[in-house]
Protein chains: 2
Amino acid sequence: MAATLKDIAREAGVSLSTASRVLSHARNGGDPETSTAKRVLAVAARLQYVPNLFAASLRTNRTHMLGVLVPHLTDVVLSTIYEGIDEQASASGYQTVVANSMDEPHEHRLRAERLLQRGVDGLIFGDAQVSDPYLDELTLRKVPFVLVSRRHHPYDSVTCDDTTGGRLVGNHLADLGHRDIAIVAGQPYASTGIDRTQGCLAALRERGIEVSPQRIVHSGFDPRAGHLAATRLMAGSSRPTAIFAVNDMTAIGAMGALRDLGINVGRDVAVVGFNDISIAADLPTPLTTVRSPLKEMGAAAADLLVEKLSDATDTSHSSPTEKRLQPQLIVRESSDVSIDSRSLRVQRSAKTV
Amino acid sequence: MAATLKDIAREAGVSLSTASRVLSHARNGGDPETSTAKRVLAVAARLQYVPNLFAASLRTNRTHMLGVLVPHLTDVVLSTIYEGIDEQASASGYQTVVANSMDEPHEHRLRAERLLQRGVDGLIFGDAQVSDPYLDELTLRKVPFVLVSRRHHPYDSVTCDDTTGGRLVGNHLADLGHRDIAIVAGQPYASTGIDRTQGCLAALRERGIEVSPQRIVHSGFDPRAGHLAATRLMAGSSRPTAIFAVNDMTAIGAMGALRDLGINVGRDVAVVGFNDISIAADLPTPLTTVRSPLKEMGAAAADLLVEKLSDATDTSHSSPTEKRLQPQLIVRESSDVSIDSRSLRVQRSAKTV
């Protein structure tokens with residue numbers, strides 16, 4: 001009988017996933033880079049291992065392709081995460097294919113099915129919504145998948161620790177003396193907005209600051225939605241002195257709304273975003289935000305899925321892996337006018353030359 | 001160097017076609033049926049032969065996959081183009097796979113080769129640079145490809161009509177009465193920056209306005225680069241009254257620089273960008289720019305490549321197809337403070353309800 005991956009791993013004295021990785025790398029034209037890799041290949045050659053690239057069963061029918069689903073690849077947050085996914089997948093010998101679902105449940109299912117028909121070995125979802133019967137179905141069908149960016153119990157996921165991120169914002173605004181704070185909370189179906197909002201509220205509560213329900217508005221994740229939301233927040237008889245928008249794009253829209261109302265961002269009203277997209281630091285009023293380790297999230301998600309695919313054992317009974325990467329508060333002029341964020345950056349660059 | 005089919009045939013003492021047949025059979029999951037076949041496979045394993053997964057002749061072996069190369073998918077311009085490519089390709093029954101080249105010639109070649117090894121039927125390059133020997137090589141190898149976003153004679157391409165776009169800007173600034181105009185011209189290897197700059201200069205020349213060489217600076221395409229470039233432009237004894245930055249990201253950086261210098265964008269110095277990325281309209285000072293039909297460009301490029309793949313005839317002697325889609329000037333507050341771009345937009349939306 002032909003040699004299997006297991007035979008090679010055993011003979012070479014390495015784990016199944018190591019053997020798999022070395023052989024995928026070779027299959028994709030890479031040269032063996034370590035003595036371990038060379039040993040694995042020598043064993044494969046000696047055992048006359050023929051990579052069965054199009055075998056019958058799902059376990060062995062590996063195309064070494066991973067499907068990635070995101071709401072919009074034009075959203076720099078998701079394209080950055082995807083970059084991390086693709087680099088890590090590539091290093092492990094996998095090609096990725098990405099598709100947009102527009103955050104529409106119908107498209108989410110349709111595009112995922114299409115990727116599975118194409119023969120992807122597993123899926124990474126960046127577009128999970130809070131109640132999604134499709135993910136249950138995939139679990140029953142034993143399709144390997146992980147979530148990224150947005151989490152959903154009880155599935156494996158890699159996200160930013162959004163709750164902690166929200167807490168960082170709550171504490172920052174409390175430190176600055178704000179007592180009347182508003183939150184533009186994003187879409188109610190996304191764990192990102194939910195966790196960031198809850199984290200912020202929890203930190204404020206601990207500081208003795210309550211946020212009334214009227215100060216929490218839902219919105220889309222784009223600048224226009226943020227603009228509308230901020231306009232509404234400023235339309236009442238009393239106005240908040242700070243706005244936390246759960247992502248930078250929304251924050252940018254909110255800043256535009258404030259400017260239209262003749263309000264000075266940073267001095268009159270503080271604005272805080274989330275993600276630290278590259279443009280945040282370079283805005284006319286640089287944006288205070290929470291830096292989310294986007295590429296690392298993508299890489300960790302790819303890693304988690306590749307591990308699942310290499311793992312021959314049935315892990316359906318073990319508890320889910322919910323990996324949360326730590327965020328970092330980045331203070332800039334939109335909340336603290338005493339900060340000179342640009343010269344800080346220049347100094348930092350000079351140090352690294 | 002990796003073993004080739006020729007090496008294997010020679011070592012095993014068989015013809016090239018026999019070796020090829022045996023390996024294809026194995027690749028498709030078949031067991032070796034003769035002693036000759038077993039010998040060929042043993043040689044292949046010993047020489048660590050990496051199968052060219054989807055045979056050399058593109059004519060007979062269609063994976064219905066297209067490879068797409070972009071500098072950075074995190075650049076919303078390219079991800080929007082890619083969205084257009086993917087939708088159109090999908091409608092024609094093709095899956096797309098995208099890769100980043102970071103605008104590095106080494107990566108450009110490496111990622112393209114990897115996609116070809118994966119068996120894509122053709123390539124779409126969004127990262128062409130002005131002198132690229134690799135594209136010549138692909139032409140000699142008869143690999144079907146088209147360019148998108150950046151053009152390069154004599155290859156087929158779909159771009160925005162960047163020259164006309166530049167002319168629109170030149171005329172707009174001349175209409176506003178500017179006589180001392182600066183251009184942040186992007187990278188010298190990209191046709192986008194070159195054509196937009198040339199178009200602008202041509203229109204200005206026709207209006208009797210000359211731009212001195214010191215007023216034209218090259219830069220990267222990101223906000224930070226635009227910030228640096230604008231700072232340099234404002235550092236001289238005399239200052240331009242208008243800056244044309246050849247893409248919106250650079251324009252945003254330029255606006256930041258002006259603000260740092262206490263200069264009012266729109267009132268004191270006009271800033272114009274290019275592309276009309278979604279954030280342009282929602283900036284604190286909405287950005288005047290040239291709208292580039294990005295999704296349509298992607299769709300047309302996919303269409304052009306699919307056509308090439310469907311066409312059995314050899315078209316290597318016909319003149320290249322250089323499709324240029326028409327751009328549109330979008331005037332906002334960053335060049336004309338009399339404009340109220342936001343209410344115009346509200347009115348427009350109301351009309352379509």
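First the proteins, then the strands, lettered A, B, ... as listed; each starts at 1. Since this is a predicted model, take the numbers as computed values, not measurements.
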A/Val265, A/Ile252, A/Leu115: which one forms the most heavy-atom pairs within less than 4.5 Å of chain B? A/Ile252

Non-hydrogen atoms of chain B under 4.5 Å away: do they reach the side chain of [X], the backbone, both or neither?
X: A/Asp222; answer: neither
X: A/Ile277; answer: neither
X: A/Thr96; answer: backbone

Out of A/Asn247, A/Asp276, A/Asp248, which residue meets the side-chain hydrogen bond (donor to acceptor under 3.5 Å, both in side chains) rule with A/Thr289? A/Asp248

Of all of B/Ile279, B/Asp86, B/Val77, which one pairs up most often with chain A through heavy atoms under 4.5 Å apart?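 Most pairs with chain A among the choices: B/Ile279.
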
Taking every heavy-atom pair that is under 4.5 Å apart, which of B/Asp260, B/Leu258, B/Asp75 has the most such pairs with chain A? B/Asp260

Roughly how far, to the nearest 0.5 Å, is the NZ atom of B/Lys295 from the CD atom of B/Glu83?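 Spacing of CD (B/Glu83) from NZ (B/Lys295) equals 4.5 Å.
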
Which distance, rounded to the nearest 0.5 Å, do you find between the CG of A/Asn100 and the CG of A/Leu69? 8.0 Å

If we ignore angles and hydrogens, is there a donor and acceptor under 3.5 Å between the side chains of B/Ser341 and B/Glu333?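 Side-chain D/A pair, B/Ser341 to B/Glu333: present.
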
Using distance alone, with no hydrogens and no angle criterion, decide if A/Arg114 and B/Ser90 have a side-chain donor and acceptor under 3.5 Å apart.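 Yes, B/Ser90 and A/Arg114 have a side-chain donor paired with an acceptor closer than 3.5 Å.
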
Going by the rule salt bridge (Lys or Arg N to Asp or Glu O under 4.0 Å), which residues pair with A/Arg259 if we only count those two or more places apart in sequence or in a different chain?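 Residues passing salt bridge (Lys or Arg N to Asp or Glu O under 4.0 Å) with A/Arg259: none at all.
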
Okay, B/Leu78 and chain A: the region with an atom under 4.5 Å from a heavy atom over there is neither

